[in-house]
Asker: 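Below is a structure I'd like to ask you about.
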Amino acid sequence: MALDKNGIAKRIAQELRDRWYVNLGIGIPTLVANHIPKGISVEFQSENGILGMGPFPIEGTEDADLINAGKQTITSLPGAVFFDSSTSFSMIRGQHVQLTVLGAMEVSENGDIANWKIPGKMVKGMGGAMDLVASADNIIVAMMHTNKKGESKLLSNCSLPLTGVNCVKKVVTNLAVMDILDSGGFRLIERAPGVSVEEIKNATAGKLIVEGHVPEMSIS
Amino acid sequence: MALDKNGIAKRIAQELRDRWYVNLGIGIPTLVANHIPKGISVEFQSENGILGMGPFPIEGTEDADLINAGKQTITSLPGAVFFDSSTSFSMIRGQHVQLTVLGAMEVSENGDIANWKIPGKMVKGMGGAMDLVASADNIIVAMMHTNKKGESKLLSNCSLPLTGVNCVKKVVTNLAVMDILDSGGFRLIERAPGVSVEEIKNATAGKLIVEGHVPEMSIS
Amino acid sequence: MINKEVKNAVEACKDIKSGMTIMLGGFGLCGIPENCIQTLVNKEINNLTCISNNAGVDDFGLGLLLQKRQIKKMVSSYVGENDEFERQMLSGELEVDLIPQGSLAERCRAGGAGIPAFFTPAGYGTEVGQGKEVRKFNGKPHILETALTADYAIVKAWKGDKAGNLIYKGTARNFNPPMAMAGKITIAEVEELVEPGELNPNEIHTPGIFVQHIFQGEKYEKRIEQRTVIKN
Amino acid sequence: MINKEVKNAVEACKDIKSGMTIMLGGFGLCGIPENCIQTLVNKEINNLTCISNNAGVDDFGLGLLLQKRQIKKMVSSYVGENDEFERQMLSGELEVDLIPQGSLAERCRAGGAGIPAFFTPAGYGTEVGQGKEVRKFNGKPHILETALTADYAIVKAWKGDKAGNLIYKGTARNFNPPMAMAGKITIAEVEELVEPGELNPNEIHTPGIFVQHIFQGEKYEKRIEQRTVIKN
């Protein structure tokens with residue numbers, strides 16, 4: 001059975017490592033924070049200027065001066081710190097953030113990503129996404145395998161305007177976990193529970209590399 | 001009579017204007033702070049990281065964590081602020097400091113300055129001088145007109161390695177006040193009390209421009 | 001001490017004119033200079049170029065200037081949440097220059113710091129990089145971005161003193177410090193204006209040297225854009 | 001919270017090896033990491049490249065490493081006040097790379113901020129600019145300077161918490177914040193180490209993300225280089 005959004009977030013949470021600073025994009029990536037594996041410490045950076053982000057505030061305690069990059073009211077944890085936007089992107093550009101998780105409209109088999117602009121539609125802007133994808137060493141894309149029309153979002157080449165080139169290292173979708181190889185191609189690592197290699201192949205327009213046995217994800 | 005170092009500082013202090021931020025170099029420039037004209041407010045920036053520098057501390061209250069760029073213990077005034085070195089030079093490079101006063105070994109008639117290195121002698125480094133002279137719109141050099149051997153320090157071209165090119169706007173020496181013209185040349189503005197134009201001419205190796213009557217400085 | 005105090009937003013903004021370029025601090029509606037924005041609306045100047053990470057919402061923040069068609073061009077990283085903006089942009093009334101958020105912040109800081117240009121990886125290989133110089137460092141391609149400055153930078157802080165020193169609160173800091181550096185003239189509006197010496201010189205975020213006018217804002221609505229809470 | 005605490009300077013510095021490049025905060029003797037410097041002296045490693053605004057005095061600060069010939073190369077803006085330094089430099093035992101102070105600070109910040117290169121006016125037309133790319137912006141020539149990074153950055157703060165957040169005091173801040181950003185590994189030694197949550201998140205100068213190891217220094221001499229006072 002294909003994963004739901006929470007399932008994708010759960011699977012990505014397994015990629016977290018102890019002592020990592022992590023930037024989570026809006027949408028599915030945000031859900032990753034709910035599934036941090038036991039026994040590890042990670043800290044979340046929000047590019048509008050906070051490290052050590054906590055949960056939403058108890059009703060009545062919300063503070064207009066304390067939001068995340070999605071403009072939601074949040075809280076800060078002990079050890080948190082506030083900083084300005086140029087310092088925030090110094091952390092990102094300077095590769096002090098160990099993992100970036102973000103959504104995408106399209107990903108190509110050489111790691112290009114498109115997630116900010118659809119020609120002919122209102123363009124809202126790239127926000128911090130271009131800085132994040134151009135800077136991070138470790139980028140995981142969290143998205144559905146296909147779009148609403150059922151078309152694959154994993155392509156040979158992106159058709160939409162790019163957000164960044166050659167940057168995505170891993171893609172986790174409702175159907176599969178795939179590494180993007182330096183030499184090009186989506187290498188199938190894991191299947192969603194009950195999803196066959198064939199189904200994944202059919203949903204992948206770009207080059208899918210299947211080697212040997214591909215295990216099912218284990219997400220509890 | 002030629003000015004002493006204090007006299008040079010006094011004359012330079014007349015160039016201060018209300019609401020200016022000022023960076024004073026080591027040596028004669030430091031003395032300028034003792035002669036701020038009445039009725040104006042100026043604030044001193046020290047490039048090691050303080051705005052709103054005060055006088056030396058009362059004996060016994062000195063703080064190792066509070067020094068100026070000359071590494072002397074100082075105090076801070078109400079409204080002072082501390083900052084790091086990159087912010088400090090952002091102020092300087094970004095032209096937020098309205099006046100820089102510094103000493104020199106040589107100044108040329110096109111505004112070049114040499115004040116950091118003598119070939120064959122131990123080179124201690126340029127410190128912040130190259131940033132200051134390259135950045136400031138308004139640079140006054142405070143120095144003796146001639147060196148210890150009696151040779152002019154105002155030249156057609158500097159003989160020593162340069163600190164900056166085309167940057168000095170005004171020179172105040174023990175003998176005279178001179179503007180450096182964009183088209184080149186030291187234009188004599190004022191004479192030290194009792195010093196003749198002839199004496200100044202003789203002490204100036206670079207092109208000295210004398211037009212009309214040159215008044216004596218008035219320093220009380 | 002150089003006294004930067006002015007009476008109010010009207011006095012602070014009195015020389016802002018049509019056609020000028022203005023930087024405005026804030027992220028979404030968080031940390032925006034509410035009093036100065038209202039004053040700009042009242043002044044009825046227009047043809048403004050506004051450099052601001054976002055464009056407010058329809059009835060608050062820069063949305064108020066958009067409603068009255070006072071903005072000719074927006075320079076931002078993200079401009080959702082605003083129907084009037086969308087209408088003007090799609091109709092071609094409004095020019096929009098979209099800049100990656102980190103490049104926007106760094107370009108403002110560079111403008112204030114006397115760094116005319118710098119290399120960044122952000123935007124390489126995208127339309128943001130088109131026409132810009134590309135150079136590899138450590139094998140990775142970067143593009144050359146230039147500094148941004150403005151006729152006026154308008155920032156909002158939590159506390160300030162009459163010397164222009166500023167302290168921000170929480171994530172309301174955001175773009176305010178780099179923009180404060182980059183204004184030819186910088187106006188700071190604060191929730192609380194105190195005497196010099198009342199702020200700890202160690203705790204100041206924006207040194208007063210970057211600020212030309214400061215005043216205590218008359219009132220702050222501090223509207224919340226996404227009120228997300230846990231029910232008690 | 002990610003706990004960065006280590007026991008002491010010895011543990012913090014245990015992986016520093018001969019031949020490495022190390023940034024050290026401080027201006028003169030103000031704000032230098034005294035405990036780590038002593039530990040490096042005791043470790044007897046050598047061939048170090050030290051990036052530090054100054055080189056200490058003969059018997060304190062980096063002068064201690066110079067005495068034992070542990071430094072191969074100094075990258076600094078000003079190196080007076082040190083006879084042993086002068087001797088080694090004139091004899092050719094010590095390489096010295098002199099950099100304008102503002103460029104040094106900005107190159108460290110750039111190294112930490114992922115900016116590989118930037119243009120600055122400082123040094124144009126001088127020997128500092130020789131061999132560097134020159135470009136005019138607004139009619140004014142600038143030179144291209146590249147980022148500096150280091151195997152280790154060692155900084156000294158006043159207070160810190162176990163998450164690595166740092167607060168400096170007075171002008172002891174100086175080069176510490178930009179260098180803290182630029183170390184592949186950054187060690188912070190502090191006068192007082194507290195639990196996370198004890199520092200106000202609004203008052204922190206260096207966010208903990210830049211710091212890998214933190215400890216409370218055993219003792220601080222905080223020597224004064226020029227004791228200038230007014231007699232009471």
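Quick note on labels: first sequence line is chain A, next is B, and so on, each numbered from 1.
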Asker: Might you point out which heavy atoms bring B:G79 and C:A163 nearest each other, and give the distance in Å?
Answerer: O-CB, 4.1 Å
Asker: Taking the side chain as everything from C-beta on, heavy atoms only, tell me whether C:M181 gets closer than 4.5 Å to B:M91.
Answerer: no
Asker: Any chance NZ of C:K136 has more than 12 other-residue heavy atoms, nucleotides or ligands included, within less than 6.0 Å?
Answerer: no
Asker: Are C:E198 and B:P78 close enough that some pair of their side-chain heavy atoms sits under 4.5 Å apart?
Answerer: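 Not in contact.
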Asker: So which atom in B:L51 and which in C:P207 form the shortest heavy-atom distance, rounded to 0.1 Å?
Answerer: CD1-CB, 4.1 Å
Asker: Under 6.0 Å from the NZ atom of C:K43, do we count more than 12 heavy atoms belonging to anything else shown?
Answerer: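 Counting other residues, nucleotides and ligands, NZ of C:K43 exceeds 12 neighbours.
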Asker: Quick one: does any side-chain atom of C:N165 pair with a main-chain N or O of B:V81 as donor and acceptor, under 3.5 Å?
Answerer: no
Asker: Can you name the closest pair of heavy atoms from C:I209 and B:V97 and give their distance?
Answerer: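 Reported closest heavy-atom pair: CD1-CG2, 3.9 Å.
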Asker: Can you say whether C:D161 sits under 4.5 Å from chain B via the side chain, the backbone, both, or neither, judging by heavy atoms?
Answerer: side chain
Asker: Taking everything shown except B:D18 itself, do over 12 heavy atoms lie less than 6.0 Å from its CG?
Answerer: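 Count over threshold, so yes.
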Asker: Got more than 12 heavy atoms from elsewhere within 6.0 Å of CD, B:E59?
Answerer: yes
Asker: In Å, rounded to the nearest 0.5 Å, how long is the span from CZ of C:F210 to OH of B:Y21?
Answerer: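 Separation between the atoms: 10.0 Å.
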Asker: Taking OH in C:Y124 as the centre, count heavy atoms belonging to other residues, nucleotides or ligands within less than 6.0 Å. Is the count above 12?
Answerer: no
Asker: Keeping the roles fixed (side chain from B:H96, backbone from C:G112), state whether a donor-acceptor pair exists under 3.5 Å.
Answerer: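 Yes, because the side chain of B:H96 sits within donor-acceptor range (under 3.5 Å) of the backbone of C:G112.
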Asker: So do the side chains of C:I115 and B:R93 get within less than 4.5 Å of each other, counting heavy atoms only?
Answerer: yes
Asker: Compare all side-chain heavy atoms of C:I204 with those of B:F82 and state whether any distance is below 4.5 angstrom.
Answerer: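 No, every pair of side-chain atoms sits at 4.5 Å or beyond.
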Asker: If you compare all heavy atoms of B:E43 against all heavy atoms of C:M1, which two are closest, and at what distance to 0.1 Å?
Answerer: OE1-CA, 3.7 Å
Asker: Heavy-atom distance under 4.5 Å to chain B: side chain of C:K162, backbone, both or neither?
Answerer: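 Neither part.
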Asker: Indicate the atoms forming the closest heavy-atom contact of C:I2 with B:W20, along with that distance.
Answerer: CD1-O, 3.6 Å
Asker: Considering non-hydrogen atoms only, spot the tightest contact between C:Q212 and B:R19 and give its length.
Answerer: O-NH2, 4.2 Å
